[in-house]
Protein chains: 2
Amino acid sequence: MKGTPADQQHLAWLARSFGRPDYLPLSPADLEVLSRAGEIVKKYPGTHLFKEGAAATSAFLVREGEVDLYRGPSDRREVVGRVGPGAVIGDIAMFSGQPYISSARAVGHVTAFLFDRDRLLPELARSPAITLRWLVASLTQLERTQRRVLNLMHKTVLAQVAGLLVNEADDRNEVALSQATIATLLGASRQSVNEALNQLKRRGHVETGYRLVRVLDRSELSRVAAED
Amino acid sequence: MKGTPADQQHLAWLARSFGRPDYLPLSPADLEVLSRAGEIVKKYPGTHLFKEGAAATSAFLVREGEVDLYRGPSDRREVVGRVGPGAVIGDIAMFSGQPYISSARAVGHVTAFLFDRDRLLPELARSPAITLRWLVASLTQLERTQRRVLNLMHKTVLAQVAGLLVNEADDRNEVALSQATIATLLGASRQSVNEALNQLKRRGHVETGYRLVRVLDRSELSRVAAED
DNA sequence: GTTACAATGTCAGCGATCCGACATTCCGAA
DNA sequence: TTCGGAATGTCGGATCGCTGACATTGTAAC
């Protein structure tokens with residue numbers, strides 16, 4: 001998350017819609033079938049997979065490494081999200097025939113499968129099952145984004161934080177994120193998140209540590225998340 | 001929009017993502033091909049096409065009339081959108097195998113084509129071109145929703161209003177919406193919208209009338225919409 | 001262990017927006 | 001033409017979250 005201009009953190013909540021790792025339309029088996037629709041590419045750290053505004057002729061399936069998604073000119077970058085293996089990026093622009101809406105840059109060494117539009121479409125026409133799976137994935141994503149908006153529109157930061165903790169807690173009931181990161185994900189300020197966590201702590205619903213929040217009372221948190 | 005609890009207006013901006021009439025994945029020709037996947041149904045005013053929380057076994061293509069989309073229990077309805085002919089509803093839930101996220105109720109007399117999940121999937125498997133078109137439509141919708149979020153997150157009401165006017169102005173440069181409706185669409189309060197319109201009026205970018213806003217300087221409005 | 005950096009905790013001030021309340025204006029139906 | 005509901009214009013108070021500033025605490029690298 002470094003380098004994110006503080007005054008534009010908000011954009012990054014989109015990490016959760018653009019870049020959620022569970023946006024996984026394609027299985028390895030699918031990729032096998034589609035192998036003729038593109039090829040493996042390797043990217044060095046800092047290089048671009050695609051740039052905002054360019055004609056979208058390709059989409060990428062990230063296989064190794066992480067990719068940052070940006071918007072805006074390089075001197076005024078707005079980090080939109082970071083995605084890892086399994087994520088498909090650039091497909092929206094490629095399919096709808098519009099320019100890329102964001103830039104994608106390799107964070108470390110990245111291996112990705114590049115889909116070439118002109119080769120992909122015929123292959124998809126031959127594999128309706130895969131197309132259907134892709135459709136389902138995109139609709140799921142759409143639903144998630146819509147739902148997210150409902151939260152962001154009229155929920156207080158407290159409710160948003162509670163909701164995020166419920167969703168993000170692992171099997172040990174822990175969320176290993178810094179408060180600054182949580183703030184970025186929600187599009188709120190670090191201070192507001194801190195204040196919200198304090199409140200939850202005071203009520204005994206969570207404990208906080210360094211880069212860590214432990215969920216003590218999940219059901220109570222859900223209740224808080226539903227308020228407002 | 002009547003009956004919308006004032007304190008939940010915000011939900012309704014989703015009219016623009018849930019319900020935009022340009023979410024039209026299927027052409028009449030497509031429907032012809034898919035005719036075996038379901039059948040025509042007619043609904044009387046006030047009856048439901050589907051209800052929130054029910055198992056989603058069908059999606060609907062509206063052919064005549066208008067349909068309201070709700071969320072929440074009937075005593076505390078939150079109008080989410082209203083769609084007309086051409087719109088497809090319920091497809092997200094149907095494809096992802098989850099319960100409907102909202103209820104759909106006929107406003108007037110409605111004719112719709114009901115897709116039965118179990119009959120639709122095989123037909124789609126046989127018509128990859130249609131599946132692909134559906135995919136593209138859903139991705140376009142996803143992009144629109146994401147873009148919308150960017151606007152809503154950190155733009156002032158003034159900028160949002162300006163943006164809406166630019167998008168919504170017809171060929172006579174008029175927007176025939178009440179200020180309350182505009183507020184609902186943007187998830188803002190009527191008062192804030194009024195204030196914003198006054199400001200635009202003072203600057204000479206628009207004129208206002210009864211249930212009407214006339215755009216005088218489109219380019220200037222676009223500039224305002226881009227601010228913040 | 002020291003040190004540098006990252007993360008957390010806390011405060012005051014400020015701006016945008018929401019809310020409730022009210023007066024005014026417009027439109028359409030009786 | 002009159003009348004009632006809908007839409008618009010305008011206030012002041014209250015709230016939420018942001019910004020900027022700073023002290024404190026934790027972590028990891030040397």
Side-chain angles (χ1 to χ4, degrees), chain A residues 1-13 78 151-165 174-202 206-214 224 227-228, chain B residues 1-13 151-165 174-202 206-214 224-225 227-228:
Chain A
M1 288 290 165
K2 67 178 175 181
T4 309
D7 67 321
Q8 290 160 340
Q9 311 176 320
H10 58 285
L11 279 175
W13 80 269
E78 309 172 349
N151 290 341
L152 292 172
M153 286 288 296
H154 256 38
K155 298 234 176 185
T156 178
V157 171
L158 176 63
Q160 291 182 45
V161 169
L164 179 137
L165 291 177
E174 289 180 353
V175 179
L177 298 172
S178 77
Q179 298 182 3
T181 304
I182 294 175
T184 301
L185 287 174
L186 295 177
S189 71
R190 186 185 61 78
Q191 290 92 325
S192 301
V193 170
N194 182 254
E195 160 65 17
L197 282 174
N198 279 336
Q199 206 159 328
L200 293 174
K201 208 193 313 184
R202 247 177 281 129
V206 303
E207 284 172 1
T208 63
Y210 194 78
R211 269 177 167 287
L212 183 98
V213 182
R214 190 189 321 279
V224 173
E227 281 172 10
D228 266 4
Chain B
M1 287 290 164
K2 69 177 178 183
T4 309
D7 66 323
Q8 291 160 340
Q9 311 175 320
H10 58 283
L11 279 174
W13 80 269
N151 289 341
L152 292 172
M153 288 289 295
H154 253 36
K155 300 236 176 185
T156 178
V157 172
L158 176 63
Q160 291 181 47
V161 169
L164 179 137
L165 292 177
E174 290 180 353
V175 179
L177 297 172
S178 77
Q179 299 182 4
T181 304
I182 294 175
T184 301
L185 287 173
L186 295 178
S189 70
R190 187 186 61 79
Q191 290 94 323
S192 301
V193 170
N194 182 254
E195 161 64 17
L197 282 174
N198 278 336
Q199 206 158 327
L200 293 175
K201 208 192 317 182
R202 248 177 281 128
V206 302
E207 284 172 1
T208 63
Y210 193 79
R211 270 178 167 285
L212 184 97
V213 182
R214 191 188 321 278
V224 174
E227 282 172 9
D228 265 4

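Each chain gets a letter, A, B and so on, in the order its sequence line appears, and its residues count up from 1. It should be emphasised that the depicted structure is a prediction, and the values quoted were computed from it without experimental measurement.
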Response to the item:
Between A:V157 and B:G209, whichever has its closest DNA chain D nucleotide further toward 5' is B:G209
Discussion item. Rounded to the nearest 0.5 Å, what separates atom CD in B:Q160 from atom CG in B:L186?
Written reply: 5.5 Å
Worksheet item: Is it true that a side-chain atom of A:K201 and a backbone atom of A:T208 form a donor plus acceptor pair closer than 3.5 Å?
Response: no
Discussion item. If I take atom CG in residue A:L177 and atom C1' in nucleotide C:dA6, what distance separates them, rounded to the nearest angstrom?
Written reply: 15 Å
Fill in: 4.5 Å side-chain heavy-atom contact, A:E195 and A:Q191
no
Worksheet entry | Rounded distance in Å - NZ (A:K155) to P (D:dG17) | 13 Å
Discussion item. Would you compute the distance between atom CD of A:E174 and atom CZ of A:R214 and round it to the nearest 0.5 angstrom?
Written reply: 4.5 Å
Practice prompt. To the nearest Å, give me how far apart CD (A:Q160) and C1' (D:dC16) are.
Written response: 12 Å
Fill in: With B:L177, the side chain to side chain contact (heavy atoms under 4.5 Å, CB included) member among B:V213, B:L212, B:I182
B:I182
Worksheet item: What's the closest nucleotide to the B:S189 side chain, out of D:dC18, C:dA6, C:dC18?
Response: C:dC18
Fill in: Phosphate OP1/OP2 of C:dG9 contacted by A:Q179 side-chain N/O (<4.0 Å)
yes
Worksheet item: For D:dT8, does OP1 or OP2 lie under 4.0 Å from any side-chain N or O of B:T208?
Response: no
Practice prompt. Using only side-chain N and O atoms of B:S192, determine if any of them is under 4.0 Å from OP1 or OP2 of C:dC19.
Written response: no
Practice prompt. Test side-chain contact (heavy atoms from CB on, under 4.5 Å) on B:V206 and B:V175 and set out the steps.
Written response: CA-CA 10 Å; B:V206 302; B:V175 179; over 6 Å; no
Fill in: Inter-axis angle, terminal five-pair segments of the helix from C:dG1-D:dC30 to C:dA30-D:dT1 [nearest 10°]
40°
Item to complete: Would you confirm whether B:T156, through its side chain, and B:A159, through its main-chain N or O, come within 3.5 Å as a donor-acceptor pair?
Response: no
Worksheet item: Whole Å only: how far is the CG atom of A:L212 from the P atom of C:dA6?
Response: 20 Å
Worksheet entry | Separation of atom CG in A:N194 from atom C1' in C:dT8, rounded to whole Å | 6 Å
Discussion item. Is B:N198 close enough to D:dT10 that one of its side-chain N or O atoms is under 4.0 Å from OP1 or OP2 there?
Written reply: yes
Worksheet entry | d(CD, B:E195; P, D:dT10) in whole Å | 9 Å
Worksheet entry | base_contact_polar (D:dG17 base, A:R190 side chain, donor-acceptor, <3.5 Å) | no
Fill in: Presence of donor-acceptor pair under 3.5 Å, side chain of B:Q191 and base of C:dG20
yes
Discussion item. Side chain of A:Y210, heavy atoms from C-beta onward: which of D:dA7, C:dA16, C:dA7 has the nearest atom to it?
Written reply: C:dA7
Worksheet entry | Short side-chain N/O contact to C:dA6 OP1/OP2 from A:S178, under 4.0 Å | no
Practice prompt. Please report, rounded to the nearest Å, how far the P atom of C:dT17 is from the CG atom of B:L186.
Written response: 11 Å
Item to complete: Decide yes or no for B:L200 and B:L165: does some side-chain heavy atom of the first lie under 4.5 Å from some side-chain heavy atom of the second?
Response: yes
Discussion item. Taking the nucleotide of DNA chain C with the nearest heavy atom to each, does A:K201 or B:V193 sit closer to the 5' end?
Written reply: A:K201
Practice prompt. Give the rounded distance in Å between these two atoms: CD of B:Q199 and P of D:dT10.
Written response: 13 Å
